[in-house]
S.K.: 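One structure coming up, written as C-alpha cells, with questions to follow.
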Amino acid sequence: MNAVENQQFFSRSLLEWYLVHRRDLPWRRHRNPYYIWVSEIMLQQTRVETVKPYFQRFIEKFPTIEALADAPEDEVLKAWEGLGYYSRARNLQSAVREVKESYGGVVPDTKEEVSALKGVGPYTTGAILSIAYNKPVPAVDGNVMRVLSRYFLIEEDIMKVSTRVRMENLVSELFPEGHAGDFTQALMELGALVCTPKSPHCLTCPVMEHCAGRLEGKEESLPIKKKAKPPRPEARLAALIRGSGERAGQFLIRQRPETGLLARMWELPHVLSPEPAYAVSGGGAGADALEAALAAEAGLRLQPLHWLMEAEHTFSHIHWNMGVYVCELAPGLPGAAGAASRSAERSLPADYVWVDAHTWREYAFPNVFLRIISRYLEDSGA
DNA sequence: AATACGGGGAC
DNA sequence: GTCCCAGTATT
C-alpha cells in the first residue's frame, strides 16, 4: 500500500466509524455557527463533560449573537464562573460584538475573517469553518495531534509550532471530498473515545491495522511532548471582612483589574505573604502581616478576629497557598459600628463592594473564593 | 520560543 | 501526587 492509498484508507475508515459512533452532544444538534463557536471556545483546554452544563446554560441565557453582544460583561463572566481562562469569555463577547457590527450578526465564513476574531486562533478557525460551514480547513488540537502522531508515526514535539503546521498540512491532504466537518469531528472523536492519552483502545480502532505507531509498539509513548514547568508557589493571606452594626451579615469583596490573572473577576481582599499559611497557621504573625499589607494597599484598617481556614489552589503556572482570616474594620471605618460609618463610606476603594449571604452569588468568583466564602457562610450558620 | 492564562477529572 | 484536556495572546 502506497502513501496515497494509506491516507485514503485512514480517511475513509475514520469517517465511516464516526458516522456510527458519534456522540450526541448539545452543540451537535444544530448546525448553528454561533453554537459551534461558543462550544469551541468553551472546549479549549476543557473536557466535554465539564462543558456540557455550561454550554446549555450559556445558550439559554444568550441564545443569539445579538443577545450575547448586548449583555453586560458581568453576566457573561458569571455564566463562565468555574470554567477558567476567563479571557475566553471576554474575548468571545468582544468578537461577537464585532460580528454584530461588521458582519450583520452572521459569523463570517472565510479563514481571514474568522481568524481575525478575538480569541479565535488556528484551531478554532478550522473548527468553525469545517464544522459550521463544511470547509476543508484543518482544526488541529491535542486529540488530532495524538491520533496523527500515532497513526503516521510522527515523533516531533507537539509543543512546537512547526509540528502543528505539519499536522495541519497533513489534515488538508486527508479531508474526504465534501465531508470536512464530519472528518474534523471524526479525528477528535477518535482521540477522545479510542486513541486516548493512556491505554488507547487499539482493538476497537477502525484504523488499527495500518497504525504505524502501534505496529512499532509506540502507541503508549506517542505523542512526544516536553514536560511543563511546575507552578511556582505563592503564599497569600486573605481577609473575610465582615460588617458590623448596620452592616451586620455583610462582607467585603473586590473586583480584580482589567488585565492579568482572573481579570475582572471578584474575590476576597488578599495580599502576598512572606510566609506560607502552614507556617503562619492561624497565628498572630499572619494577622499582623495581613493588617499591615491591606492598610498599605487599599487604605483599609483591619481588625483581625480569628483564623478561618487554609486554602490551596493551583493554576497552570502558580500555586496559591492561602491563609484566610475573619476580620472586621476598625471602629469608625465604613462597615464598622459607629456614627461615622455613613460619611466614611466614600473611603472604600472604588472596586470594593459590600455583599450579603444572598447577593454575593450575583458576582463571578474564581473557584478558590467560592470555596472559602461557602465555608464561611456554613460556619456562620447563614 | 517561552510564558501567561483556570480548573477538574482520570489514574 | 501526575497528566492533560476540542488553545490563544503576548512577549
Side-chain angles (χ1 to χ4, degrees), chain A residues 18 22-23 25-28 35-55 77 80-92 94-95 114-128 130-132 138-147 157-165 167-168 171 181 183-193 195-199 220-221 223 225-232 234 256-257 259-265 267 312-320 364-371:
Chain A
Y18 175 69
R22 72 197 292 267
R23 288 170 292 178
L25 301 175
W27 46 90
R28 282 186 179 159
Y35 289 6
I36 308 286
W37 184 7
V38 170
S39 71
E40 290 302 339
I41 301 297
M42 286 188 172
L43 286 161
Q44 290 169 7
Q45 301 291 286
T46 311
R47 289 188 165 71
V48 165
E49 288 310 311
T50 306
V51 166
K52 278 182 182 174
Y54 280 92
F55 177 81
L77 276 180
W80 212 269
E81 180 184 68
L83 253 192
Y85 287 138
Y86 298 98
S87 65
R88 289 184 296 175
R90 301 207 300 144
N91 286 338
L92 173 61
S94 162
V114 171
S115 64
L117 297 170
K118 253 195 205 85
V120 178
Y123 163 75
T124 309
T125 299
I128 292 173
S130 66
I131 300 172
V140 174
D141 70 341
N143 281 315
V144 175
M145 300 241 240
R146 187 170 58 254
V147 168
D157 182 357
I158 61 167
M159 293 288 91
K160 297 172 68 172
V161 175
S162 60
T163 307
R164 196 204 72 224
V165 171
M167 303 265 187
E168 286 170 350
V171 172
F183 185 66
T184 289
Q185 295 178 86
L187 278 169
M188 298 193 285
E189 198 81 336
L190 189 76
L193 300 181
C195 197
T196 46
K198 287 167 201 163
S199 315
E220 294 269 15
S221 58
K225 191 178 183 181
K226 218 171 46 189
K227 272 200 193 3
K229 271 189 3 183
R232 69 170 188 274
E234 209 174 84
R256 295 180 62 89
T259 57
L261 184 67
L262 303 168
R264 301 297 283 170
M265 296 291 281
E267 64 180 6
E312 303 279 346
H313 191 71
T314 308
F315 305 95
S316 14
H317 57 306
I318 307 173
H319 177 84
W320 275 357
F365 291 88
N367 197 273
V368 59
F369 294 105
L370 291 174
R371 291 201 309 268

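When reading the values below, keep in mind they use all heavy atoms of this one structure, side chains included, and skip hydrogens, waters and symmetry mates. In what follows, every chain begins at residue 1, and chains take the letters A, B, ... in the order their sequences are listed.
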S.K.: In whole Å, I'd like the distance from the CZ atom of A:Arg88 to the C1' atom of C:dG7.
M.R.: 9 Å
S.K.: Does the side chain of A:Ser87 come under 3.5 Å of the side chain of A:Arg264 through a donor N or O and an acceptor N or O?
M.R.: no
S.K.: Starting from P on C:dG7, measure out to CD1 on A:Ile41 and report it in whole angstrom.
M.R.: 11 Å
S.K.: Taking any atom under 4.0 angstrom from a heavy atom of chain A, which nucleotides of DNA chain B are the first and last to qualify, 5' to 3'?
M.R.: B:dA2 to B:dG8
S.K.: Within this structure, what is the CD-to-P distance between A:Glu168 and C:dG7, rounded to whole angstrom?
M.R.: 13 Å
S.K.: Using whole Å, what does the distance between atom C1' of nucleotide C:dA9 and atom CG of A:Leu117 come to?
M.R.: 15 Å
S.K.: Rounded off to whole Å, could you give me the CD-to-P distance for the A:Glu189 and C:dC5 pair?
M.R.: 15 Å
S.K.: Is A:Trp80 touching bases, backbone alone, or none of the nucleic acid, heavy atoms closer than 4.0 Å?
M.R.: nothing
S.K.: Classify the nucleic acid contact of A:Arg371 as base, sugar-phosphate or nothing, counting any heavy atom under 4.0 Å across all strands shown.
M.R.: nothing
S.K.: Which part of the nucleic acid, if any, lies within contact of A:Lys160, taking any heavy atom under 4.0 Å across all strands shown: a base, the sugar-phosphate backbone alone, or nothing?
M.R.: nothing
S.K.: Closest heavy-atom contact between A:Arg371 and A:Glu312?
M.R.: NH2-O, 2.7 Å
S.K.: For a quick check of understanding: with a heavy-atom distance under 4.0 Å over all strands, which category does A:Ser199 fall into, base, sugar-phosphate or nothing?
M.R.: nothing
S.K.: Here's a test of your reading of the structure: between A:Gly84 and A:Val161, which maps to the more 5' nucleotide of DNA chain B?
M.R.: A:Val161
S.K.: In whole angstrom, give me the gap between the C1' atoms of C:dC3 and B:dG6.
M.R.: 16 Å
S.K.: Name the nucleic acid region contacted by A:Ser316, choosing base, sugar-phosphate or nothing; use a 4.0 angstrom heavy-atom cut-off, strictly under.
M.R.: base
S.K.: When the distance from CD1 of A:Ile158 to P of C:dC4 is rounded to whole Å, what number comes out?
M.R.: 8 Å
S.K.: Nearest-nucleotide wise, let me know which of A:Gly119 and A:Leu25 is further upstream toward the 5' end of DNA chain C.
M.R.: A:Leu25
S.K.: For A:Arg23, which contact category applies under a 4.0 Å heavy-atom criterion: base, sugar-phosphate, or nothing?
M.R.: base
S.K.: So, does A:Gln44 get its side chain near the phosphate of C:dG7, meaning an N or O under 4.0 Å from OP1 or OP2?
M.R.: no
S.K.: Side chain of A:Lys198 only, heavy atoms from C-beta on: which candidate in C:dA6, C:dC3, C:dC4 is closest?
M.R.: C:dC3
S.K.: Using whole Å, report how far CG of A:Leu92 lies from C1' of C:dA9.
M.R.: 15 Å
S.K.: Quick one: is A:Ser39 getting a side-chain N or O under 4.0 Å of the C:dA6 phosphate, OP1 or OP2?
M.R.: no
S.K.: Using the ring centroid of each side chain, check whether A:Trp27 and A:Phe55 are separated by less than 6.0 Å.
M.R.: yes
S.K.: Would A:Glu267 and A:Arg256 pass as an ion pair if we require N to O under 4.0 Å?
M.R.: yes
S.K.: Salt-bridged, A:Lys198 to A:Glu220, with N to O below 4.0 Å?
M.R.: no
S.K.: Which residue, A:Thr50 or A:Leu83, contacts DNA chain B at a nucleotide closer to its 5' end, judged by nearest heavy atom?
M.R.: A:Leu83
S.K.: Using a 4.0 Å heavy-atom cut-off, does A:Gly260 contact any base of the nucleic acid, only the sugar-phosphate backbone, or nothing at all?
M.R.: sugar-phosphate
S.K.: Between A:Glu234 and A:His319, does any side-chain donor sit less than 3.5 Å from a side-chain acceptor?
M.R.: no
S.K.: For C:dA6 versus B:dC11, give the span between their P atoms, rounded off to a whole number of Å.
M.R.: 14 Å
S.K.: If the condition is side-chain hydrogen bond (donor to acceptor under 3.5 Å, both in side chains), which residues does A:Ser130 pass it with, not counting sequence neighbours?
M.R.: A:Thr184
S.K.: Salt bridge or not between A:Glu40 and A:Arg88? Use side-chain N to carboxylate O under 4.0 Å.
M.R.: no
S.K.: Between C1' on C:dA6 and CG on A:Asp141, what's the gap in Å once rounded to a whole number?
M.R.: 4 Å
S.K.: Need one value for A:Val120: base, sugar-phosphate or nothing, where a base atom within 4.0 Å counts as base even if backbone is also close, heavy atoms only.
M.R.: sugar-phosphate
S.K.: Can you see which heavy atom on A:Ile41 is nearest to which on A:Leu92, and at what distance?
M.R.: CG1-CD1, 4.2 Å
S.K.: More 5' along DNA chain C: A:Met188 or A:Asn91, using each one's nearest nucleotide?
M.R.: A:Met188
